[in-house]
Amino acid sequence: MAHSKNRATDGKITYPPGVKEISDKISKEEMVRRLKMVVKTFMDMDQDSEEEKELYLNLALHLASDFFLKHPDKDVRLLVACCLADIFRIYAPEAPYTSPDKLKDIFMFITRQLKGLEDTKSAQFNRYFYLLENIAWVKSYNICFELEDSNEIFTQLYRTLFQVINNGHNQKVHMHMVDLMSSIVCEGDSVSQELLDTVLVNLVPAHKNLNKQAYDLAKALLKRTAQAIEPYITNFFNQVLMLGKTSVSDLSEHVFDLILELYNIDSHLLLSVLPQLEFKLKSNDNDERLQVVKLLAKMFGAKDSELASQNKPLWQCYLGRFNDIHVPVRLECVKFASHCLMNHPDLAKDLTEYLKVRSHDPEEAIRHDVIVSIVTASKKDLSLVNDQLLNFVRERTLDKRWRVRKEAMMGLAQIYKKYALQAEAGKEAAKQISWIKDKLLHIYYQNSIDDRLLVERIFAQYLVPHNLETTERMKCLYYLYATLDGNAVKALNEMWKCQNMLRHHVKDLLDLIKQPKSDSYSKAVFSKVMVITRNLPDPGKTQDFVKKLAQVLEEDEKIRKQLETLVSPSCSCKQAEVCVKEITKKLGSPKQPSNPFLEMVKFLLERIAPVHIDTESISALIKQVNKSIEGTADDEDEGVSTEQAIRAGLELLKVLSFTHPVSFHSAETFESLLGCLKMDDEKVAEAALQIFKNTGSKLEESFPHIKSVLLPVLQQKAKKGPPRQAKYAIHCIHAMFSNRDTHFAQIFEPLHKSLDTDNMEQLITPLTTLGHLAMLAPEQFAAPLKSLVANFIVKDLLMNDRIPGKKTTKLWVPDDEVSPETLAKIQGLKLMVRWLLGVKNNQSKSGNSTLRMLTAILSSDGDLTEQGKMGKPDMSRLRLAAGCAVLRLAQEPCYHEIITLEQYQLCALVINDECYQVRQAFAQKLQKGLCRLRLPLEYLAVFTLCAKDPVKERRAHARQCLVKNINLRREYLKQHAAVSEKLISLLPEYVVPYAIHLLVHDPDYVKVQDIEQLKDIKEALWFVLEILMAKNENNSHAFIRKMVENIKQTKDGQCPDDPKINEKLYTVCDVAMNIVISKSTTYSLESPKDPVLPARYFTQPDKPKAANVLGAVNKPLSATGKLQTKLSRMETISNASSNSNPSSPGRSKGRLDSADVDHSENEDISMKSPSETEKPSRGRKRGAAANQDDKGQESKPKRGRKKAANTSTDDAEDQWGEDSSMAEATLETEDEQNSPPKRGRRGRPPKSAASKDETSSKGRRGCKKTAPPADEENEEEQEEEEDDEDDAGSENMEVKPKGTQTRVAKSFLTFSLDVDRSLYMCLGLFHGFYLTHTICFSGGRSRAAAKQEEESEEEMDIAQQSEDEEDESMDSSPKSADKKVASISIYLSIYLE
């Protein structure tokens, strides 16, 4: 080597043979030619050629001169670079260049030449590739490790290679680049941050997307150098994550993206970094936690990731972020769940508990994404999710937000279609999610129209896809119906019913549009538009669209005809699809992609289009049922027994016969139904009869051959079939045949003559048949029916107990254990009722007699003869039958009018029967009549008595019934503005007087001021008032308050002269008033209308002002005039201390006429001994007595009904003109009012409702503000004068005193107020008396609280007293003055005592 250096110092350059001197004096082309020969020479040399190495040393040094390194021609530079690369190869391991600067220049020069690799189509690309291959193989750049500027050289090299790499390069280029760069990392002493950044920047998503090859190169490099580069990566993340030194690198802001990419490349690169992420998950910075959560979600959720199992502390820490306080963090965690479930099923158990909590998250978006995550995983593979996760989706179908509910419902529907209908995962999976169909249909019970429409859409698209071929579609529907639970079946039936109803509404609209225009036409169209609007989403916006549709139908005949075809009963499913497409195409507009009007029309068409059922479908369904009957169907494979499938199929046909009767009109269908009639299964034959009844209106003329076979079968069923089949057979004959009278006579005569009480079992069917004949043809059999009822039903059947009942303590037994005699008696009662319902008049007074008979059964606990032969279950059955019979008769106006108040009360008490099943069945019958708006409003008050029911479920059911009926009536009033004349029979608030009446006459309410009984009264009133007062619509609170005040001005209509009953009435009113005052803040406002009280239940009012309106039905009332306003203000002010408060004793006693309040009455009150006023001791004794009565309730179940039973029985026999053995058994009379409460059938006292009502001082003060200001008074006076201008009872006449008593002077009134306050403030005696009359009303206020309240009231009194002194003294009527005198006399007598 020393020799080489000596030669080099000579300065003489030796060129290869044939190569002349290369200098700047030659042309570029010649230089290139000579350099190529030099390149060839160096390329052929190897490291062992020592002589050649020494020979060409000066040439090597010459090629590294600036002349060549900075030559402008790229070809020259490339050839020089190739020479230099070979020189480094030949002279390795020591390069001939010793100057660090020269080495730097050379390697920077070579790096620049590598840019030529970018153009793969260049003619010189092979030389560039040779250059790369050479330096990579030799690892030439390793020489730079000793240079100070090595980092700059390496960084530039890396940048160049990452820049030039592209998809045109083959695998060799990629490999050499990796070899070149990896040698620098692996063999170097360190990796600078700048060099690391040059590699990592290619992993950042933005760069990655721009140059995928650079990303792959960096990925390959990192994989190759993972062990060597890991410490430097760790240091980088430590600096940024732990120390927060973001300035160390420009990539600091991409740190989480880099972690993800590095983890995906090689998890070993982050062995020391991952623990730092656990620290970051607990950061106080929301955004930082969110970034870490996003990162870890991708890392944990990656398909092949094992991070959760390898780093369990980090996994547990991550799961904790599901409960993060920051909403976006929780949302990100929930989104990650679906990937985790799909890629790592083993982690589902860990996720389940956290998803459960998040499924109840307060944020709608999070609950929504929980559903999306679970459903997404389920649709990929049902085995990925457990039942618990699916239950979370199930729960969210009832979410309060529509978006969440919709996602849950649609998700379940998609899962059901995939695994149940298409059976993609086998029978086990289908069985696992079999509950979905029931759950989805249950949602149809929701009130939201959006929910119901979505259920209809899901049914048509997922449960029974409408695009299936007819036979397949009907098979799907058949087995779906057979496997649904009871509630889902009802929901599906209701869905078809609602769609059919809307179809009829649209048909009615089309019929209206065809009529000539007029005022009535516009009103009728508007009314129908409103009805249709309520059946579509968002009625507020939809109304305008439906109006627009009506206009389009008027103008466009083509659309109208298409819609007529669609709603036609004979429309087929294929026709429906065509019509829907034509209508939407006609109404759509390409220029308007989002068309709300078109969306509304689509909703409407979805609901009314018959996409499932037509004649062809019914025929296919019948064939499917026949297959099951013949045993050729695959019922077992579908998971149902053959018997269950047949019954369900016929039940389905029965339902469809209501909604699509025309679709049944085919000989094949009727012949199949005939075959079902002859089957032994009673349910099958019964369903077939109902289908014939619903669809056979044209059978006689269209299918005479069917008629000739069917008629004998119907007659046979009517005579000797089971009772229900006999019933439907009669109705079939009535609906299907024109000469029905003849057929009825052929059935009636033999049955009438063959009635015999010796064989009770053979009596049930004839009585059923005769009962329905009596209802359908009462005129045809008028004479024999009257004789039948009088001689056979009443005398022979009901008045005799032939077979002693079984002695048992049970109150109820199953239907098959009920004695035939009891069943016959029940059918006898039904026959009487059906006969009356058929006659529909009471000219013969048969209705009165029947009602007396029914109430006699109720009064005698079901044992009409009182011989003690009947068993308790039989008595329960008869009580239920009698109560339901009264309800049936009450639905006919002619019989409702003759039901007495006592009979009404006895009927109401059935809902408190001692037998649970009686209460349950009676409540259901009551609810059914009320929902149909057939039963009068007073029967809604019966549910008030359910507050005493000892069973929680019964109380809950009664409350649901009240809510439903109240909402139903309110909605009906909104929809039918024209029924305002029937307001008293529809407005829910009018149930309050009837509820008060029932509670007043409740046999359990015996002692007027008994604390426990008053608590029961309060609980019962709140049971109904809570629902009524939930919404203060049209100031209904004031209306209720006014109604109760008006009742307190009257007497009981049933016992007007009974002071005890009237005292009960006023006490119950006081309780009601206290509830209204304590629960409402608007009760003191003016009532929107003056309430009208039912005349049968209450007498004429004490005040003359109400005389003209009591008992009228919604008679328009004038506004409150001057006299009325002043009177009410006077009462409000003077009653501040005693009288106005409905719970005050003065007001309670003041209910009597002024003539009744005399000195003797005052003396009677004042002579009470102090011991009598000590309420606590009396209350305890009474409680003990009540407890004793409760203990003895088993032996006293009859509740004081014997007197009524005796009377009713005698009357019934008188009416029918027959003697009876009942005359000998005279029942003892029992004083109902004075007897202790008998709770034998009422059950134990119910649980206490809410905590005691508290009347705050603020609420009481509100009562004083009822007097209107001066301006309002003037307006009201003016309105009163205008409205009452022609009224006979004018203001002036009303003011004149009609008695001889003197008016109360101003000072006297003031004295009354002062005496009231002084007594209340100073006397414990009066406080005790006050509590006696106001128990349960004050909510348990302390004496100090009451004192504070009275002081605040005194301030109000003083403020208003000066304003009203003159008016009070001028306008006070003698009657109110008498009440003042009575009140003051009472207080004075107590004071003196």
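The structure displayed is predicted, hence computed values, not measured ones. All residue numbers refer to positions in the sequence shown, counting from 1.
Without hydrogens or angle criteria, Arg919 side chain to Asp913 main chain gives a donor-acceptor distance under 3.5 Å. Here the side chain of Thr769 pairs a donor or acceptor atom with the backbone of Thr765 at under 3.5 angstrom. A donor-acceptor pair under 3.5 Å links the side-chain atoms of Tyr895 to the main chain of Leu836, judged by distance alone. Side-chain atoms of Gln1054 never come within 3.5 Å of backbone atoms of Leu901 as a donor-acceptor pair (strictly under, hydrogens ignored). Of the possible donor and acceptor atoms, none in the side chain of Lys872 sits under 3.5 Å from a partner among the backbone N and O of Trp812. A donor-acceptor pair under 3.5 Å is formed between the side chain of Lys437 and the backbone N or O of Ser434. A donor-acceptor pair under 3.5 Å links the side-chain atoms of Gln1013 to the main chain of Lys1007, judged by distance alone. Checking side-chain atoms of Glu892 against main-chain N and O of Leu889 turns up no donor-acceptor pair under 3.5 Å. Remark: the backbone N or O of Lys497 is not paired with any side-chain donor or acceptor of Thr659 at under 3.5 angstrom.
For the residue pair Ser849 / Ser846, no side-chain donor-acceptor distance below 3.5 Å is found, with atom types taken as modelled. With no hydrogens or angles considered, a side-chain donor-acceptor pair links Asn965 and Arg969 at under 3.5 Å. Using modelled atom types, one finds no donor on one side chain facing an acceptor on the other under 3.5 Å when comparing Ser860 with Glu866.
When the side-chain hydrogen bond (donor to acceptor under 3.5 Å, both in side chains) test is applied to Gln446, no partner is found at least two apart in sequence or on another chain. For Gln920, the side chain to side chain contact (heavy atoms under 4.5 Å, CB included) test picks out Tyr916, Gln924, Arg954, with sequence neighbours left out. Scored by the side chain to side chain contact (heavy atoms under 4.5 Å, CB included) test, Lys925 finds Cys884, Leu887 as partners (sequence neighbours excluded). In this view, Phe922 satisfies the ring-ring contact (aromatic ring centres under 6.0 Å, His included) rule with no residue, not counting sequence neighbours. Under the salt bridge (Lys or Arg N to Asp or Glu O under 4.0 Å) criterion, Arg834 pairs with no residue at all, not counting sequence neighbours. Remark: His957 engages no residue in a ring-ring contact (aromatic ring centres under 6.0 Å, His included) (not counting sequence neighbours). Residues passing the ring-ring contact (aromatic ring centres under 6.0 Å, His included) test with Phe943: none are found, sequence neighbours excluded. With sequence neighbours left out, the side-chain hydrogen bond (donor to acceptor under 3.5 Å, both in side chains) criterion links Asn967 to no other residue. In this structure, the ring-ring contact (aromatic ring centres under 6.0 Å, His included) partners of Tyr994, at least two apart in sequence or on a different chain, are Tyr1097. For Thr483, there are no side-chain hydrogen bond (donor to acceptor under 3.5 Å, both in side chains) partners, not counting sequence neighbours. For Asn694, the side chain to side chain contact (heavy atoms under 4.5 Å, CB included) criterion is met by Ser657, Phe658, not counting sequence neighbours. Partners of Ala648 according to the side chain to side chain contact (heavy atoms under 4.5 Å, CB included) rule, which considers only residues two or more places apart in sequence or in another chain, are Tyr481, Ala482.
Between Leu878 and Met870, the shortest heavy-atom distance links the atoms CD1-CE, 3.0 Å. Between Asp1052 and Leu1065 the shortest heavy-atom distance is N-CD2, 3.7 Å. When all heavy atoms of Ala645 and Val640 are compared, the pair lying nearest together is CB-CG2, 4.1 Å. Between Cys931 and Leu968, the shortest heavy-atom contact is O-CD2, 3.2 Å. What you find for Asn487 and Tyr445 is that their closest heavy atoms are O-OH, 2.6 Å. Nearest approach of Gly828 to Ile793, heavy atoms of both residues: O-CG2, 3.6 Å.
A salt bridge links Asp801 with Lys825: at least one charged nitrogen is closer than 4.0 Å to a carboxylate oxygen. Between Asp681 and Arg647 there is a salt bridge, since at least one side-chain N of the basic residue sits less than 4.0 Å from a carboxylate O of the acidic one. Salt bridge annotation for Lys948-Asp1002: present, with a cationic side-chain nitrogen under 4.0 angstrom from a carboxylate oxygen.
The environment of CZ in Arg888 is sparse: at most 12 heavy-atom neighbours from other residues, nucleotides or ligands sit within 6.0 Å. Within a 6.0 Å sphere centred on NZ of Lys439, heavy atoms belonging to other residues, nucleotides or ligands number more than 12. For CD of Glu817, the number of neighbouring non-hydrogen atoms (other residues, nucleotides, ligands) closer than 6.0 Å is greater than 12. Counting non-hydrogen atoms of other residues, nucleotides and ligands closer than 6.0 Å to CZ of Arg970 gives a total above 12.
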> After noting the C-alpha distance and the side-chain angles of Lys869 and Glu821, does the key distance pass the salt bridge (charged side-chain N to carboxylate O under 4.0 Å, His left out) rule?
Replying inline: CA-CA 12 Å; Lys869 290 184 178 181; Glu821 182 178 4; over 6 Å; no
> Should Arg877 and Asp815 be marked as a salt bridge (charged side-chain N to carboxylate O under 4.0 Å, His left out) after you check the CA-CA gap, both sets of side-chain angles, and the distance that decides it?
Replying inline: CA-CA 10 Å; Arg877 293 273 179 172; Asp815 293 349; 2.8 Å; yes
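Atom CG of residue Leu986 and atom CG of residue Leu973 lie 5.0 Å apart, to the nearest 0.5 angstrom.
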